[in-house]
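Any value given below was found using the heavy atoms of this structure, including those in side chains, with hydrogens, waters and symmetry copies removed. Both ligands and their constituent atoms are indexed starting at 1 by order of listing.
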Amino acid sequence: MQLYSDPADQLIVALDGMSPEEALLFISRIPDLRWVKVGLELFLNAGPDFLIDLRKKGLKIFLDLKFHDIPVTMAAACREAAKTGAELITVHACAGLNALLAAQESAIAGAERGGLPAPTLLAVTVLTSWDANSFAEELSITECLEDRVVALADLAKKAGIGGCVCSPLEVSSLRRNHPEPFELVTPGIRPLGCESGDQSRVMSPADALKAGASRLVIGRPITRSINPANAFSRCCDELVNTH
Ligand code: C5P
């Protein structure tokens, strides 16, 4: 099943390494762009009002601030984040069930207070910067990393969270237990013919969707391209055949 009929609804471009002015200029060069990801760097530089500027341009926002705290603080952060009108907001699944329940409830309340539709919270399971060795040596966790990803995704689902951010290589196993509309949003995407750069576990846009991803986050292959509009539309073209 495909939730979205238009590839532009599934391509989220990460506005990393840009000042607010550069981000606005970049956006103006891709008329078909529908989704942007705002991470900590741009959010701290530009401030919450920048999200209003983006929304005025008709863009949908993935606010990737990865909240991880005690339940009351997670709840407060998600309430405020929802008031910005961001449609997707990240939290860490390892904050625990109570924190995730509180986050979900407060996100809905915050959006209601702002007269906005409720956002979808996305849980980060295990950051892809961890591997089995660093997990064991630095955190004394010997459990298989893949099992932990599955357990944390299950926990998020139990708390009513709307989806997960995961590596493209985790998508198919998570999708088996979590059918759509549970969102599986994956970075680590490299269109055909692109350098993988510092991403070691990558997949092409079409393969990630075929594996069960609902949306893709793509940064540098589009933001560093000489012609971002072209790079964006090539990614859309790659997705058309999966629809
Ligand atoms: O430029 P690139 O396409 O690699 O950007 C991917 C985006 O997804 C970046 O914002 C990066 O921080 C984010 N991300 C990632 N891997 C994860 C989680 C997030 O690359 N596991």
Protein heavy-atom partner closest to [atom] - residue, atom, separation in Å:
{"atom": "atom 12 (O) of ligand 1", "value": "K37 NZ, 4.3 Å"}
{"atom": "atom 3 (O) of ligand 1", "value": "G219 N, 2.8 Å"}
{"atom": "atom 6 (C) of ligand 1", "value": "Q199 NE2, 3.8 Å"}
{"atom": "atom 9 (C) of ligand 1", "value": "D16 OD2, 3.1 Å"}
{"atom": "atom 7 (C) of ligand 1", "value": "V217 CG1, 3.9 Å"}

Practice item. Consider ligand 1: state whether an atom of it lies below 4.0 angstrom from any non-hydrogen atom of R224. Key: no
Check your understanding: Below 4.0 Å from any atom of ligand 1, is there a heavy atom belonging to L127?
Key -> no
Taking [X] for its side chain and [Y] for its backbone only, find out whether a donor-acceptor pair lies under 3.5 Å.
{"X": "S204", "Y": "R190", "result": "no"}
{"X": "E238", "Y": "L192", "result": "yes"}
{"X": "S233", "Y": "N230", "result": "yes"}
{"X": "R175", "Y": "A213", "result": "no"}

In terms of atom number and element, which parts of ligand 1 are under 4.0 angstrom from non-hydrogen atoms of [X]?
{"X": "R220", "result": "1 (O), 2 (P), 3 (O), 4 (O)"}
{"X": "R190", "result": "1 (O), 2 (P), 3 (O), 4 (O)"}
{"X": "A14", "result": "10 (O)"}
{"X": "P221", "result": "3 (O)"}

Point to revise | Student check: side-chain heavy atoms of V13 and T223 closer than 4.5 Å | key: yes
Review point. Considering distance alone, does some N or O of K66 sit under 3.5 Å from an N or O of ligand 1?
Key: no
Exercise for review: Search all heavy atoms of A153 against all heavy atoms of T125 and return the closest pair with its distance.
Suggested key: N-CG2, 3.9 Å
Review point. Got more than 12 heavy atoms from elsewhere within 6.0 Å of CD, E105?
Key: no
Point to revise | Of the listed options P187, P191, C166, C194, closest to atom 18 (C) of ligand 1 (non-hydrogen atoms) | key: P187
Review point. Could you walk me through whether I61 and I89 pass the side chain to side chain contact (heavy atoms under 4.5 Å, CB included) check?
Key: CA-CA 9 Å; I61 298 163; I89 297 167; over 6 Å; no
Point to revise | Mode of T128 contact toward ligand 1 - side chain, backbone, both, neither (heavy atoms, under 4.0 Å) | key: both
Exercise for review: Tell me, with the steps shown, if D32 and C236 meet side chain to side chain contact (heavy atoms under 4.5 Å, CB included).
Suggested key: CA-CA 10 Å; D32 295 334; C236 288; over 6 Å; no
